[in-house]
Amino acid sequence: MELPEMNEQNARPGTPLTPYEVVYDRAAIEQYLDRSGEPIDPYMHDGELTVPPGMYLGAYGRLIHGTFHYEAGVHTSSELTIKKCPPAGTKAIVSGEVLKMFERNGDKYVTFNVVVTDGGGVCAAIEHTSIYGLRSRA
């Protein structure tokens, strides 16, 4: 599938990003914890493993790159708001939209939101800003 180019015409504020489903199962959580070096104990509540909030931060990649094509992809900032950490095995839907596009020092930026929901409501909301077009270095 060929994706549209990320640009001011295709990614106006309010443009929805292609949603996807993800299951935060035990294997995915353990893999995340192994990579981050975090222990599992802080995510055990009443004997049940819960989704570490940091896992939500990675949800933007598939969301934005599953909607638009662009060569550069320099992450510059994220603001994460946690609403809840559901149990392992939770199926979630990741969705979002473009909030704004702007240029700074010749680089082109996009800010978009990401919303992670489960059957019971919002788990997390994240605002990401990335450079999608680098200025010429010549």
Side-chain angles (χ1 to χ4, degrees):
M1 179 175 122
E2 195 166 319
L3 298 173
E5 180 182 343
M6 167 74 75
N7 61 37
E8 293 83 2
Q9 291 75 38
N10 294 333
R12 297 175 192 268
T15 300
L17 303 174
T18 305
Y20 68 92
E21 289 185 356
V22 61
V23 176
Y24 292 109
D25 62 12
R26 185 175 192 94
I29 292 169
E30 288 176 350
Q31 181 180 29
Y32 168 80
L33 294 174
D34 285 344
R35 279 188 284 168
S36 68
E38 292 182 72
I40 200 168
D41 294 342
Y43 304 108
M44 297 297 293
H45 299 281
D46 297 324
E48 188 170 36
L49 179 61
T50 60
V51 178
M55 290 187 78
Y56 299 135
L57 287 172
Y60 79 92
R62 183 173 166 192
L63 186 66
I64 193 75
H65 292 291
T67 305
F68 296 106
H69 170 76
Y70 57 101
E71 295 298 322
V74 181
H75 178 257
T76 61
S77 69
S78 295
E79 184 175 324
L80 172 66
T81 303
I82 299 296
K83 300 292 185 179
K84 64 180 174 176
C85 294
T90 294
K91 181 178 7 176
I93 297 180
V94 180
S95 62
E97 69 180 11
V98 174
L99 296 177
K100 64 182 175 179
M101 298 184 87
F102 60 97
E103 194 169 316
R104 181 182 303 146
N105 298 323
D107 294 322
K108 295 182 178 187
Y109 290 77
V110 60
T111 299
F112 53 96
N113 74 348
V114 177
V115 179
V116 181
T117 59
D118 65 3
V122 175
C123 300
I126 309 106
E127 186 174 296
H128 285 283
T129 300
S130 296
I131 298 172
Y132 72 91
L134 295 168
R135 69 182 176 271
S136 173
R137 303 294 190 225

- Task: Would you check if Pro52 and Leu33 make a side-chain contact, meaning some heavy-atom pair closer than 4.5 Å?
- Result: yes

Table please: side-chain donor-acceptor pairs of residues 93-107 below 3.5 Å, with sequence neighbours left out.
from: Asp107; atom 1: OD1; to: Arg135; atom 2: N; distance (Å): 2.8
from: Asp107; atom 1: OD2; to: Arg135; atom 2: NH1; distance (Å): 2.7

Problem - Thr15 vs Leu17 side-chain heavy atoms within contact, under 4.5 Å - result: no

For Val23, the hydrophobic cluster (side chain heavy atoms closer than 4.5 Å, chained through members) also holds none

So side-chain hydrogen bond (donor to acceptor under 3.5 Å, both in side chains) across residues 81-93, not counting sequence neighbours, yields Lys84-Asp118

Residues 60-70 vs side-chain hydrogen bond (donor to acceptor under 3.5 Å, both in side chains), sequence neighbours excluded, gives Thr18-Thr67, His69-Glu71

Residues pairing under ring pair (Phe, Tyr, Trp, His ring centres under 6.0 Å) where one sits in residues 6-34, two or more places apart or in two chains, turn out to be Tyr24-Tyr56

Check your understanding: Can you tell if the side chain of Met44 reaches within under 4.5 Å of the side chain of Thr50, non-hydrogen atoms only?
Key -> no

The complete set of salt bridge (Lys or Arg N to Asp or Glu O under 4.0 Å) pairs with one or both residues in residues 28-46, sequence neighbours excluded, reads Arg26-Glu30

Side chain to side chain contact (heavy atoms under 4.5 Å, CB included) filter on Pro53, not counting sequence neighbours, yields Tyr43, Ile82, Cys85

- request: Check the hydrophobic clustering (I, L, V, M, F, W, Y; side-chain heavy atoms under 4.5 Å; chains of links allowed) and say if Leu63 and Leu80 are grouped together.
  value: yes

With sequence neighbours left out, the residues meeting side chain to side chain contact (heavy atoms under 4.5 Å, CB included) with Asn10 are Pro4, Glu5, Asn7, Phe68

Count I, L, V, M, F, W, Y as connected when their side-chain heavy atoms are under 4.5 Å apart, and connections chain through other members. Are Val51 and Val115 then in the same cluster? no

For residues 121-132, dump all side-chain donor-acceptor pairs below 3.5 Å to protein atoms at least two apart in sequence or in another chain.
from: His128; atom 1: ND1; to: His75; atom 2: NE2; distance (Å): 3.3
from: His128; atom 1: ND1; to: Ser78; atom 2: OG; distance (Å): 2.6
from: Thr129; atom 1: OG1; to: Thr111; atom 2: OG1; distance (Å): 2.9
from: Tyr132; atom 1: OH; to: Glu8; atom 2: OE2; distance (Å): 3.0

